[in-house]
J.: 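Take a look at this one; I'll ask things after.
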Amino acid sequence: MSSFSDLAVSLQKGYACAERDHQQELLNTLTANSGFQNLLRTNQLAKTILGLTDSMNAYNNPEWQEQAIEIIIASDVYSGVERREREQKEGKGDQNLGYTDFLVLELLHWFRHKFFKWVNKPDCDRCGNADQDQIEPAGNAPPATREEIQGRAAGVEIYKCKKCQEQIRFPRLNNPSSLLKSRRGRCGEWNNCFLLLLKSLDIKCRSVWNSEDHVWSEFYSESLQRWVHLDSCEDAFDNPHLYNRGWAKKMSYVFGFGEDYAIDLSEKYICKDLDRALPRNKIDESSLSTVFRYVNAKRWASETDDTGLYKKLVQYNLEINALTRTSSANSFAKNQEKSQTEMKPRESGSAEWTKNRGEDGR
Ligand SMILES: [Zn+2]
């Protein structure tokens, strides 16, 4: 037996070594190709992919993860997980789900309903005015306060309280550990903070970006053996057609950025049978796939662990194959379809805001 498993390991190592060389060659070729390098500098979508490819690195800070764990332990997440486990033993609920799925489900629910707050316009810090009609936008400003700078705010939205005339600052924080304290924002802040929570629990996860101004997450479910859609703003689990079907959101590109690779997930999230696919005209398809090959080659060529590289490549190929099957048969989509009650218009954000974004289900 041991000689057989030795053989398997040496085959894996051989495959990984050959593939590493292959990725390095590809990387050298693309680095030397001035046309391709020019595309990376000038095409907005290519620049976005380059900018987002390492986004998961932001969550590997042990201190931030510790802060996140403390908050989760103090919450009611684990008692919810125990309840789900008991119910499963009694034959209730989905028997295919495992402990980690329960943990993610409970985390989503707690995060959406008890932890994080959606902000259209911020409440007034001075007089406590929370009436959205009594708060008006008053432009933008660069980060200036200690909280804003430490929180790596990309910018600060300024509002004016019509009741007490106070100026209100709403910094769009990017530092996930700062978001554990501020506990508020729009989808970017929600997703950013939620990914830190997932990572702190050592759950394999990735960030998903949509070109029509939305972001969400996915985690890899060992019990389901696939990547599962998660939207922390909506308490949504495994509902990939929520946007296209539920919100009636029109979409063109959806990309996933994980620790092991970046991938085009448009086939998974955009339904073929609806008239809600926007044209993919921001880059030609062959260049787009080369951009993905380039960012992945960069990562894989520098991966020193043979077994680790082998696993990443196998998982990537499995996922690409599954997405191709989705594309040709669309049977995956039908199996995945949620009941009418779960396929609902957007909950997060004001009615006017969702309508303006074309996400109100109409
Ligand atoms: Zn006020």
Side-chain angles (χ1 to χ4, degrees), residues 58 63-64 66-77 79-80 106-197 200 213-217 230-236 247 344-357 359-361:
E63 200 182 316
W64 298 355
E66 215 164 290
Q67 293 164 0
I69 288 173
E70 277 175 27
I71 292 170
I72 298 168
I73 288 173
S75 76
D76 59 2
V77 164
S79 60
E106 286 298 320
L107 198 63
L108 271 173
H109 191 74
W110 160 80
F111 189 78
R112 164 74 174 80
H113 297 282
K114 295 176 187 165
F115 188 68
F116 225 71
K117 191 178 163 221
W118 184 270
V119 175
N120 291 312
K121 292 184 265 183
D123 299 347
C124 176
D125 316 319
R126 186 170 166 215
C127 73
N129 170 23
D131 180 352
Q132 296 277 298
D133 295 334
Q134 294 296 312
I135 290 167
E136 62 182 20
N140 291 284
T145 70
R146 195 182 147 88
E147 183 215 355
E148 289 163 5
I149 291 161
Q150 279 183 347
R152 299 179 191 168
V156 182
E157 294 176 8
I158 306 292
Y159 294 85
K160 196 177 138 193
C161 173
K162 282 157 87 174
K163 283 189 179 162
C164 76
Q165 309 306 315
E166 178 81 350
Q167 192 192 67
I168 312 163
R169 297 175 73 86
F170 173 43
R172 304 298 307 276
L173 304 182
N174 276 314
N175 180 332
S177 81
S178 303
L179 292 169
L180 291 174
K181 296 177 200 93
S182 74
R183 298 165 57 175
R184 64 172 189 165
R186 303 200 191 106
C187 60
E189 289 94 328
W190 282 69
N191 193 47
N192 195 358
C193 189
F194 192 68
L195 282 166
L196 174 61
L197 295 173
S200 74
D213 195 27
H214 193 40
V215 284
W216 58 89
S217 337
L230 304 172
D231 193 323
S232 61
C233 310
E234 302 282 314
D235 192 8
W247 297 3
K344 58 201 172 186
R346 182 166 189 160
E347 287 184 345
S348 47
S350 71
E352 188 192 359
W353 188 77
T354 53
K355 186 168 183 291
N356 287 339
R357 291 166 59 96
E359 296 170 348
D360 58 346

J.: What is the distance from atom SG of Cys161 to atom CG of Asp125, rounded to the nearest 0.5 Å?
T.: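 Answer for the SG-CG pair, Cys161 versus Asp125, is 9.5 Å.
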J.: Just so I know, are the side chains of Ser75 and Phe111 near enough to count as touching, which here means a heavy-atom distance under 4.5 Å?
T.: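 No, every pair of side-chain atoms sits at 4.5 Å or beyond.
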J.: Can you confirm whether Arg186 sits close enough to Phe170 that some side-chain heavy atom of one is under 4.5 Å from a side-chain heavy atom of the other?
T.: yes
J.: Decide yes or no for Asp235 and His113: does some side-chain heavy atom of the first lie under 4.5 Å from some side-chain heavy atom of the second?
T.: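 Asp235 reaches His113 side chain to side chain.
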J.: Knowing that exactly one of Arg172, Arg184, Arg183 qualifies, which makes a side-chain contact (heavy atoms from CB on, under 4.5 Å) with Glu189?
T.: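 So the option named by the test is Arg172.
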J.: So, do Gln167 and Ile158 sit near enough that their side-chain heavy atoms are less than 4.5 Å apart?
T.: yes
J.: Which heavy atom of Lys121 sits nearest to which heavy atom of Pro137, and what is that distance?
T.: CD-CD, 4.5 Å
J.: Could you tell me whether the side chain of Asn192 and the main chain of Asn174 form a donor-acceptor pair under 3.5 Å?
T.: yes
J.: Quick one: CD1 on Ile135 to CG on Asn129, what's the gap to the nearest 0.5 Å?
T.: 4.5 Å
J.: Can you tell me how far apart CG (Asn356) and CD (Glu359) are? Round to the nearest 0.5 Å.
T.: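 Nearest 0.5 Å value for the CG-CD distance: 10.0 Å.
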J.: Report the distance from atom CG of Asp76 to atom NZ of Lys114, rounding to the nearest 0.5 Å.
T.: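 Those atoms lie 3.5 Å apart.
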J.: Please report the shortest heavy-atom distance between Leu196 and Ala68, naming the atom on each side.
T.: CG-CB, 4.2 Å
J.: Which heavy atom in Pro176 sits nearest to a heavy atom in Cys193, and how many Å separate them?
T.: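 Scanning both residues, the minimum pair turns out to be O-SG, 4.4 Å.
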J.: Taking atom CD1 of Ile72 and atom CG of Leu197, what is their separation to the nearest 0.5 Å?
T.: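 The distance works out to 4.5 Å.
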J.: Side-chain contact test, heavy atoms from C-beta onward, threshold under 4.5 Å: evaluate it for Ser348 versus Glu234 and give yes or no.
T.: yes
J.: Tell me, yes or no, whether the heavy-atom count around Lys163 atom NZ, taken from other residues, nucleotides or ligands under 6.0 Å, exceeds 12.
T.: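 Counting other residues, nucleotides and ligands, NZ of Lys163 exceeds 12 neighbours.
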J.: Can you give me the closest heavy-atom contact between Leu179 and Phe116, atom names plus distance?
T.: O-CE1, 3.5 Å
J.: Might you confirm whether atom CD of Glu63 has over 12 heavy atoms from other residues, nucleotides or ligands at distances under 6.0 Å?
T.: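 No, CD of Glu63 has 12 or fewer neighbouring heavy atoms, counting only those of other groups under 6.0 Å.
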J.: Determine, for Glu147 against Arg169, whether the closest basic-nitrogen to carboxylate-oxygen distance falls under 4.0 angstrom.
T.: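 So Glu147 does not pair with Arg169 through a salt bridge.
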J.: First locate atom OG of Ser200, then atom CD of Glu66, and finally report the distance between them rounded to the nearest 0.5 Å.
T.: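 So the OG of Ser200 and the CD of Glu66 are separated by 10.5 Å.
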J.: Grab the two heavy atoms, one from Phe115 and one from Leu180, that are nearest each other, plus how far apart they are.
T.: CZ-O, 3.6 Å
J.: State, without any angle test, whether Ser217 and Asn191 hold a side-chain donor-acceptor pair at a distance under 3.5 Å.
T.: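 Yes - a donor-acceptor pair under 3.5 Å links their side chains.
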J.: Tell me whether the rings of Trp118 and Trp190 are parallel (<30°), tilted (30 to 60°) or perpendicular (>60°).
T.: tilted
J.: Do Arg346 side-chain atoms and Gly361 backbone N/O form a donor-acceptor pair below 3.5 Å?
T.: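 Checked: no pair found.
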J.: Which atom names give the shortest non-hydrogen contact between Ala153 and Pro171, and what distance separates them?
T.: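 Minimum heavy-atom contact is CB-CB, 4.1 Å.
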